[in-house]
Each structure stands twice: as structure tokens, then as C-alpha cells.
Amino acid sequence: MDIGIHNVTKRFGAFAALDNVDLEVRSGELVALLGPSGSGKTTLLRIIAGLEWPEQGRILFGGEDASERSVRERNVGFVFQHYALFRHLSVFENVAFGLRVRPRASRLRESELRERVERLLDLIQLRSIADRYPSQLSGGQRQRVALARALAIEPRVLLLDEPFGALDAKVRKELRRWLRNLHDNIHVTSVFVTHDQEEALEVADRVVVMDEGRIEQIGAPQDVYEEPATAFVHAFIGESIIIPVTVEKGAVLHAGKPTSLGAPDVQTGPARLFIRPYDVGIGMPVNAALQGTVQRLHGIGAARRVEILLADSDQTIEVDVPRAHEVTAGQRVGIVPLRYRVFADG
Amino acid sequence: MALANTILQRRNARAGPHEDGDEVRREPAAVRFLIVALAVAFLVVFLVLPLITVFQQAFMHGLWPYLAALVEPDAVAAIRLTLVVAAISVSLNLLFGLVAAWAIAKFDFPGKSVLITLIDLPFSVSPVIAGLVFVLLFGAQGYFGAFLQAHDIQILFALPGLVLATVFVTFPFVARELIPLMQEQGTQDEEAAISLGASGLQTFFRVTLPNVKWALLYGVLLCNARAMGEFGAVSVVSGHIRGETNTMPLHIEILYNEYQFTAAFAVASLLALLALVTLIAKVLLERRAAAE
């Protein structure tokens with residue numbers, strides 16, 4: 001079931017949680033909504049579910065307008081950040097809940113219901129603890145029960161709100177790999193919200209990067225990292241060195257001096273230069289794009305972290321330099337960005 | 001003293017060098033003994049002694065006068081009336097409290113804070129005033145007095161008046177227990193239930209109600225204790241007709257004023273027993289709730 005989101009706007013008082021958002025989720029796809037808190041990603045997920053209503057815009061399920069349908073009628077599986085398991089019901093009854101509340105006419109026979117629930121408990125590998133109560137489960141187990149409960153109603157769409165947010169780092173890694181495998185097996189169209197870029201890039205087919213109620217970029221995990229469309233995406237995903245510059249007729253100036261870097265597509269005016277810390281060559285000061293003085297070296301591993309104070313400014317940048325490369329503190333160096341991007345301010 | 005000293009020594013033995021900040025709280029044993037003794041003395045004088053006195057007075061002339069006071073027709077009528085009034089008021093307040101708490105905790109609407117304040121009103125208003133309000137409304141000279149007389153409806157000096165006064169006074173108990181718990185639990189469970197296809201009623205009975213059942217029982221328990229013991233408001237609207245509109249507290253007062261101490265305390269002992277049962281039930285409830 002593909003999902004269409006058209007011109008969706010949602011305000012909370014004067015604050016625009018979502019500002020004219022358009023998004024197509026293809027059938028069977030696993031999409032991540034990634035952004036900092038307050039970026040509107042959870043609001044968008046809740047609007048898709050029908051738990052929240054947009055001021056403007058439409059939600060289409062399989063080309064059919066779902067905007068007027070309540071959450072009850074949309075047949076979505078929603079997994080809450082804090083699981084929202086029913087504490088007075090056992091694991092089995094939690095998973096069975098959606099089947100038990102069906103209208104009498106479509107209710108399953110007890111034997112069919114047991115069969116379906118047990119199959120789901122096998123899927124989440126928790127059949128052995130079907131009689132336990134939520135308070136007796138670990139965080140990871142609770143999350144899997146919440147997932148099985150959402151899947152029990154055979155949803156057309158699976159929506160997950162920060163599914164791993166409340167788990168510790170190790171469990172989180174295991175569980176997201178497990179979710180990816182699960183999705184590869186059952187192919188239900190899924191959207192999950194996260195503020196963790198690593199999680200989004202590892203699990204999702206496509207990543208939707210959001211900020212301040214707007215979509216900044218939609219793309220494959222590699223694309224949003226390697227081809228960031230906006231300054232926000234570059235800064236938000238992965239590490240970035242960010243240097244304020246000015247652009248004049250396609251040439252980049254730092255502290256008023258020419259840098260030999262070009263930005264032909266950027267209009268004249270204040271801008272920012274974005275470089276990944278490992279995309280920097282260190283060489284002789286002469287003819288380098290930028291100059292600076294090495295302040296400190298630290299770090300273990302293949303590359304050393306070098307702190308460089310830029311000439312003609314009080315900004316210190318951190319670059320990764322291969323261990324074999326000779327650098328010493330106090331040395332004046334030239335900085336040559338191997339790959340960079342320039343985004344106009346504003 | 002010896003015990004206090006041992007505890008002090010043990011604490012000293014356990015305290016590491018970096019726990020010096022604890023030193024401030026370490027009172028001399030004598031001071032601590034004094035504080036504990038004061039607290040215990042206070043408890044005995046204000047809570048235990050009165051309770052013992054009630055039973056002592058009730059059984060002063062032996063078991064037979066005690067039982068006679070309880071089976072006397074006016075006493076039986078008072079006990080029955082108290083049970084009826086409490087049963088109706090508690091049921092009504094169970095319903096009102098649940099609905100009010102549900103509305104306040106699960107929804108946002110204008111005037112919500114006003115509603116919360118209004119729920120607390122019966123706690124801050126003297127019960128006598130509560131009773132007088134109903135006299136002003138339903139009395140012969142009251143707003144609805146002429147209408148009620150014309151249609152031959154008796155509210156004051158009858159069961160409806162007693163129930164109204166009791167409902168008013170005991171209104172906050174159930175709602176007050178539920179509101180903080182429901183607010184803490186939020187609406188995620190309900191949202192989960194609805195997204196799984198449950199209707200509003202199914203969500204309420206299968207999710208919301210089970211989530212608050214212990215707090216609800218606790219509120220009902222307190223509400224019931226207060227309903228049976230209410231004096232002020234009921235006294236104003238009752239009319240004190242013996243065998244007809246006297247509840248237990250009113251009956252006790254009349255007996256007491258007529259110097260029938262044994263009979264007064266015999267009936268009083270029933271109310272005291274109710275208090276004890278309430279306390280025990282409260283402890284059991286808290287244990288059950290904690291166990292879940």
C-alpha cells in the first residue's frame with residue numbers, strides 16, 4: 001500500500017509543526033523520517049496514522065483519500081515510542097487485543113485467534129513468555145511485543161515512532177537489524193521516525209530529512225550523506241567542518257581574501273563552506289585554499305584528529321589526517337579541501 | 001536508648017571518609033529519642049485513645065445494653081438510612097468522578113482549570129454551607145420551592161435531600177484519586193487501543209478502566225467512609241425526624257444530647273469500626289496495587 005502526503009500543514013497555535021509537506025511512500029518500502037526534535041517528524045507520522053489532523057492537505061492510502069477516515073478505520077499498525085503496552089494484559093492478550101475488539105461479525109474463532117497470535121509470537125521469538133506481563137519484560141522484549149501487537153491486525157501500513165529510542169545502545173543495534181530483516185520478510189509499507197542518523201541510514205530504504213516542519217531532502221541513505229541538498233542536511237548528517245565565507249561571482253572568499261575555491265552555482269553574498277573532516281589535504285601554506293596553524297593533535301586509529309586555527313579568523317577546525325602524514329603542533333599548514341560544498345546563507 | 005546507640009555505631013562503622021556531609025543529619029541519640037517519643041505520644045493521645053474510649057464507653061454497661069442500643073428501631077432505621085444514602089451517593093460519585101477525571105486527564109478544553117478548581121470546592125466549603133445551599137434551592141422559600149410543592153415532590157427533609165448533600169460533600173474523593181494517575185498515564189494506551197480498531201467504549205472498558213482500577217477502588221473506599229460519616233451538610237437538610245430522616249451521625253448526636261451515652265457510643269462504635277475496616281481495606285488495596 002503506497003502512501004501519498006499532499007501539501008500537509010499542521011499548526012500548534014502560532015508554531016507550524018508541518019509546513020506544506022509533500023511525500024510519496026512507495027508500496028513495501030521502509031522509509032525513515034529523520035530530524036532533530038521539533039522538526040515535525042512525529043507530527044507527520046501521527047497525521048499519517050490519523051492520530052492528528054492536518055489543517056490543510058490530504059493523505060492518500062493506495063491512491064484513495066484517507067483524510068476523512070479515523071485512525072480506527074485506517075487500519076494502520078502504530079508502534080509507540082514508549083510501547084504503550086496494556087499493563088494489565090499478558091503478552092499473549094496484548095498481541096490478541098486488536099483481534100478481540102473486532103466487530104462481532106468479523107471476529108475470529110478462538111482457535112484461529114490463538115493460531116494467529118502464536119504465529120506472531122514465533123515471529124518475535126517470544127512464544128515462551130506469552131503469559132508474562134509487560135512489567136516483567138525487558139525494553140527490547142516490550143518493543144517486539146508492541147510490534148507484534150501492531151502486526152496482528154494485518155495493517156496496510158506500519159508506523160513506528162522512535163522505535164528504538166528508549167533502548168540501550170547494544171539492544172538498539174540488534175533490534176534494528178532484526179527490524180530490517182523482518183521488513184525484508186513481510187514487506188509491509190513502513191515509516192519510522194528517528195533522530196538517530198546512524199539508525200536511519202542503516203535501516204531505511206529511503207531517508208526523509210526534516211527540519212522546522214519542512215522536508216529538506218528525500219533520498220537513499222548514501223545520497224543524503226554524500227550529496228546533501230541543503231546546509232542543514234550537510235550539518236545534520238555526519239560530521240562537517242563549517243566555515244563562514246563570502247561568495248563573489250562564483251569565487252569563494254575567506255576573511256575577505258580569495259581562496260582558489262569556486263562555487264559557480266551560489267549567488268553572491270554570505271555563505272558557508274562545508275567540508276567533511278576526512279576530505280581535507282594538509283600541505284604547504286603556499287597556494288593552499290586556506291591557511292592555518294596546528295594547535296593540537298589527538299586521537300587513535302587510522303587517522304589523527306588535528307586542530308587547526310584558521311589564519312585571519314579565530315575559528316578552530318578539526319580535520320582527520322592520516323597517521324603517516326607528518327604534522328607537528330605550532331606548524332603553519334595549508335588546507336586543501338578535496339571535496340566541499342558551499343551553501344548560501346539565509 | 002541502647003537500640004539508638006547501636007544503630008548510631010553501625011552507621012558510623014559504615015560511613016566512609018567521603019560521607020562527612022552526613023554528619024549534619026546525625027542528631028544525638030537523646031534528641032532522636034525525644035522526637036520519636038513526641039510523635040508516638042501525639043499518635044496515642046489524638047488517635048488511639050479516642051478510639052479506645054469509644055469502645056470503652058459503648059461497652060461500659062456490658063454487652064446487652066450495647067446490643068439493645070443497636071437493635072432499637074430508631075437505631076436500625078438510622079443504620080439502614082445511612083447505608084442507603086451511602087450506596088446511592090457513592091455510586092453517583094463513582095460515575096461523576098470517573099467521567100470528570102477522564103475528561104480532565106485525557107482531553108484539552110477551555111475552562112479545564114476552572115473545572116479542576118470546582119471539583120475541589122466541596123473540600124474548601126464548610127459542609128454546613130453546602131447543606132444551607134440546598135435549603136435555599138429546594139426549601140419552601142427557595143428557588144424551586146413553589147414548583148416542588150406544586151408537584152408534591154419532597155427533596156428537603158427526605159432521602160433525595162440527604163443524597164444531594166452527601167454527593168456534594170463527597171464529590172472530590174473519586175475524581176481527586178483518579179486525575180493525577182490518569183494524567184501521568186497519558187493517552188498513549190488509548191491511542192494504541194484505537195489504532196488497533198477498538199471503539200470508544202471498548203477502549204474505556206478494556207484499557208482506561210483497568211489502568212485505574214486500584215485508584216478507583218481506593219477513591220470509592222474513601223468516598224464511602226466520608227459519606228457514612230458526614231454530619232454537617234446532612235444535619236441541615238435532614239430535619240431530624242427520628243426513624244425517618246436521621247442518619248447514624250445524627251442519631252448519635254441526638255442520643256448524646258439526651259445523655260444516653262451508652263447508646264450513643266454503641267452506634268458510634270459502628271462508625272469507628274467502619275473507619276478501621278476502611279483503613280485495613282486501604283492497606284490491602286495498596287499492597288495489591290503495588291504487587292501489580
Side-chain angles (χ1 to χ4, degrees), chain A residues 12-13 42 45-46 48-52 69-90 93-104 106-107 133-136 142 145-162 166, chain B residues 94 97-98 101-103 105-113 174 177-221 284-292:
Chain A
F12 293 111
T42 296
L45 192 78
R46 289 173 62 86
I48 298 173
L51 291 167
E52 211 87 63
R69 273 192 253 147
S70 73
V71 53
R72 212 185 147 202
E73 297 157 333
R74 284 193 197 184
N75 194 19
V76 293
F78 200 100
V79 178
F80 291 83
Q81 183 176 4
H82 299 290
Y83 324 125
L85 294 180
F86 306 128
R87 67 204 84 185
H88 60 287
L89 298 179
S90 66
E93 286 303 325
N94 261 286
V95 176
F97 186 90
L99 303 173
R100 293 213 190 276
V101 297
R102 277 188 181 181
R104 204 169 292 278
S106 61
R107 219 171 278 170
Y133 284 85
S135 60
Q136 300 165 307
R142 282 180 209 184
V145 174
L147 198 59
R149 183 179 68 177
L151 289 173
I153 59 167
E154 296 180 328
R156 301 191 291 173
V157 170
L158 185 63
L159 305 170
L160 307 104
D161 186 9
E162 296 271 4
Chain B
L94 169 70
L98 199 55
W102 187 64
K106 309 284 180 187
F107 300 96
D108 267 322
F109 51 89
K112 188 162 145 176
S113 56
V174 173
E177 272 317 307
L178 293 183
I179 289 168
L181 180 68
M182 281 184 157
Q183 277 179 333
E184 184 203 317
Q185 288 177 347
T187 51
Q188 278 212 339
D189 284 12
E190 281 80 8
E191 286 182 347
I194 293 169
S195 78
L196 291 167
S199 66
L201 276 181
Q202 283 174 324
T203 303
F204 182 78
F205 283 108
R206 286 171 180 259
V207 176
T208 309
L209 205 54
N211 273 349
V212 298
K213 65 178 174 214
W214 296 119
L216 185 68
L217 276 175
Y218 185 46
V220 163
L221 195 70
L284 290 179
L285 266 184
E286 278 168 355
R287 283 218 188 123
R288 273 304 294 271
E292 278 197 8

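Every chain is numbered from 1, with letters handed out A, B, ... down the list of sequences. Hydrogens, waters and symmetry mates are skipped; everything else that's a heavy atom, side chains included, is used.
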Query raised in the report: So which part of A:Leu85 gets closer than 4.5 Å to some heavy atom of chain B, the side chain, the backbone, both or neither?
Result: backbone
**Report entry** Positions in residues 205-212 of chain B that reach chain A, provided some heavy atom is under 4.5 Å away
**Finding:** B:Arg206, B:Val207, B:Pro210, B:Asn211
**Report entry** Pairs of heavy atoms under 4.5 Å with chain B: top-ranked of A:Asn75, A:Leu89, A:Ile153
**Finding:** A:Ile153
Query - Residue A:Ala146 versus chain B: region with a heavy atom under 4.5 Å - result: neither
Query raised in the report: A:Arg149, A:His82, A:Arg100, A:Arg102: which one forms the most heavy-atom pairs within less than 4.5 Å of chain B?
Result: A:Arg149
Query raised in the report: Measuring from A:Phe97:CZ to B:Thr203:OG1, what's the distance to the nearest 0.5 Å?
Result: 6.0 Å
Query raised in the report: Just wondering, more than 12 heavy atoms not from B:Arg288 lying within 6.0 Å of its CZ?
Result: no
Report task. Sort by residue number and list every member of residues 191-200 of chain B having a non-hydrogen atom under 4.5 Å from chain A. Result -> B:Glu191, B:Ala192, B:Ala193, B:Ile194, B:Ser195, B:Leu196, B:Gly197, B:Ala198, B:Ser199
Report task. Calculate, to the nearest 0.5 Å, the distance between atoms CZ and CD belonging to A:Arg87 and B:Gln185 respectively. Result -> 4.0 Å
Query raised in the report: Roughly how far, to the nearest 0.5 Å, is CD of B:Gln188 from CD of A:Gln81?
Result: 7.5 Å
Query raised in the report: With only heavy atoms counted, which part of A:Arg74 is less than 4.5 Å from chain B, the side chain, the backbone, both or neither?
Result: neither
